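For reference, the structure discussed in these notes is given below.
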Amino acid sequence: REFAADLELVWEAWTNPEILDQWWAPKPYTSKTKFMDFKVGGRRFYAMVSPEGMEIGWQIQDYTSINPKTNFKFLSAFADKDENPNLPGSNWDLNFSELNGTTTVYISIYNESRERMEKMMEMGFKEGFTLGLQQLDELLTLKK
């Protein structure tokens, strides 16, 4: 996905919980980060929140690799409100590059089985994530 913004701003949008919560969930839902420790071995613990204020699903992102402003990887898994993961999760690999003021983020998501991937698609992951990325694009345009 390409963004008409510099690398510093795009990286910050993916790694700062205050900014992440502004775009991560597709409207009318919001994202609510309970805590985030962006370091190898660290974790983001957050919920999707319905328009009525219901926390409809907690998720964990366990950071497994970070190369500042270039790449980071994490395991994403659903969880309960007490931070107990529902494994297996998905392994995410994000790569960032900038050319002439345009930043490209290459996103690879690996699931342990085709069945799990199909279940994610049935739950609306593709549509929801696409909407979230559009919200990020709009947010970055405002911050320029």
Side-chain angles (χ1 to χ4, degrees), residues 1-98 102-143:
R1 180 73 154 79
E2 290 185 347
F3 299 97
D6 67 35
L7 177 61
E8 183 84 28
L9 189 57
V10 176
W11 179 264
E12 183 77 5
W14 282 88
T15 61
N16 178 317
E18 289 81 24
I19 300 173
L20 262 170
D21 282 345
Q22 294 179 47
W23 68 268
W24 188 254
K27 290 177 185 173
Y29 295 89
T30 59
S31 174
K32 173 184 160 188
T33 298
K34 185 171 181 181
F35 65 84
M36 181 172 171
D37 189 12
F38 187 70
K39 67 179 184 184
V40 175
R43 171 176 281 184
R44 177 179 181 219
F45 184 49
Y46 69 98
M48 293 291 184
V49 182
S50 74
E52 299 77 32
M54 300 278 300
E55 293 168 350
I56 59 168
W58 287 95
Q59 291 194 8
I60 293 169
Q61 293 175 345
D62 284 328
Y63 300 104
T64 57
S65 174
I66 298 172
N67 295 298
K69 298 184 185 126
T70 305
N71 166 272
F72 70 92
K73 299 177 183 180
F74 61 88
L75 171 68
S76 177
F78 291 108
D80 65 19
K81 65 177 178 54
D82 297 317
E83 225 178 315
N84 298 304
N86 180 8
L87 297 173
S90 301
N91 289 296
W92 290 54
D93 185 355
L94 292 91
N95 290 282
F96 297 74
S97 63
E98 180 184 2
T102 298
T103 299
T104 303
V105 183
Y106 296 93
I107 306 163
S108 299
I109 304 169
Y110 303 94
N111 287 285
E112 55 94 36
S113 70
R114 182 176 180 88
E115 179 179 284
R116 185 173 193 291
M117 181 195 68
E118 289 172 349
K119 182 179 178 185
M120 296 297 295
M121 294 302 130
E122 289 170 11
M123 293 172 60
F125 171 79
K126 181 179 178 183
E127 296 81 4
F129 191 57
T130 299
L131 288 171
L133 290 174
Q134 289 171 352
Q135 291 169 182
L136 173 56
D137 199 28
E138 293 166 10
L139 183 63
L140 291 170
T141 300
L142 294 173
K143 290 190 175 280

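Note that this is a predicted model, so its numbers are computed, not measured.
In this structure, the side chain to side chain contact (heavy atoms under 4.5 Å, CB included) partners of N91, at least two apart in sequence or on a different chain, are L75, Y110. R43 is linked by a salt bridge (charged side-chain N to carboxylate O under 4.0 Å, His left out) to D62, E83, counting only residues two or more places apart in sequence or in another chain.
Atom CD of residue Q61 and atom CG of residue L20 lie 7.0 Å apart, to the nearest 0.5 angstrom. The CH2 atom of W11 sits 7.0 Å away from atom CG of N71, with the distance rounded to the nearest 0.5 Å. Remark: L9 CG to L139 CG distance equals 8.0 Å, nearest 0.5 Å. Summarising the geometry, atom CD belonging to E122 is positioned 10.0 Å from atom CE belonging to M117; distances are rounded to the nearest 0.5 Å. Rounding to the nearest 0.5 Å places CG of N86 at 8.0 Å from CZ of F78. Interatomic distance, OG1 of T15 versus CD1 of I66, reported as 8.5 Å (0.5 Å rounding).
The two residues Y63 and K39 make their nearest non-hydrogen contact at CB-O, 3.3 Å. Heavy-atom minimum distance, S76 versus W92: CB-NE1, 3.6 Å. In terms of heavy-atom proximity, F74 sits nearest to T64 at N-OG1, 3.9 Å. In terms of heavy atoms, L136 sits closest to A13 at CD1-CB, 3.5 Å. Pairing each heavy atom of A4 with each of D137, the nearest pair is N-OD1, 4.4 Å. Closest approach of F45 to A79, counting heavy atoms only: CE1-CB, 4.2 Å.
Not a single donor-acceptor pair under 3.5 Å links the side chain of E2 to the backbone N or O of T102. In this structure, the side chain of T70 engages the main chain of P68 through a donor-acceptor pair within 3.5 Å. Using modelled atom types, one side-chain atom of D80 and one backbone atom of D82 make a donor-acceptor pair closer than 3.5 Å.
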Under the criterion side chain to side chain contact (heavy atoms under 4.5 Å, CB included), I'd like the reasoning laid out for R44 against W24: C-alpha separation, chi angles, the key distance, then a yes or no. CA-CA 13 Å; R44 177 179 181 219; W24 188 254; 4.0 Å; yes

Take F72 and S65 through the test side chain to side chain contact (heavy atoms under 4.5 Å, CB included) and record every step on the way to the result. CA-CA 5 Å; F72 70 92; S65 174; over 6 Å; no

I'd like to know whether D6 forms a side chain to side chain contact (heavy atoms under 4.5 Å, CB included) with E98, so could you lay out the CA-CA distance, the side-chain angles of the two residues, the decisive distance to 0.1 Å, and finally the verdict. CA-CA 7 Å; D6 67 35; E98 180 184 2; 3.5 Å; yes

List the steps, then state whether side chain to side chain contact (heavy atoms under 4.5 Å, CB included) holds for E138 with Q22. CA-CA 11 Å; E138 293 166 10; Q22 294 179 47; over 6 Å; no

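Summarising the local packing, CZ of F3 is surrounded by more than 12 heavy atoms from other residues, nucleotides or ligands at distances under 6.0 Å. Annotation for F35: atom CZ counts as buried by contact number, over 12 foreign heavy atoms lying within 6.0 Å. By the neighbour-count criterion of 12 heavy atoms within 6.0 Å, atom CD of E112 is densely surrounded, having more than that number from other residues, nucleotides or ligands. In M54, the CE atom is not crowded: 12 or fewer heavy atoms of neighbouring residues, nucleotides or ligands sit closer than 6.0 Å.
Between E55 and K32 there is a salt bridge, since at least one side-chain N of the basic residue sits less than 4.0 Å from a carboxylate O of the acidic one.
For the pair Y46/P17, no side-chain contact is recorded, criterion being any heavy-atom separation below 4.5 Å from C-beta on.
Taking the six-membered ring where the residue is Trp, the centroids of F38 and W14 are separated by 6.0 Å or more.
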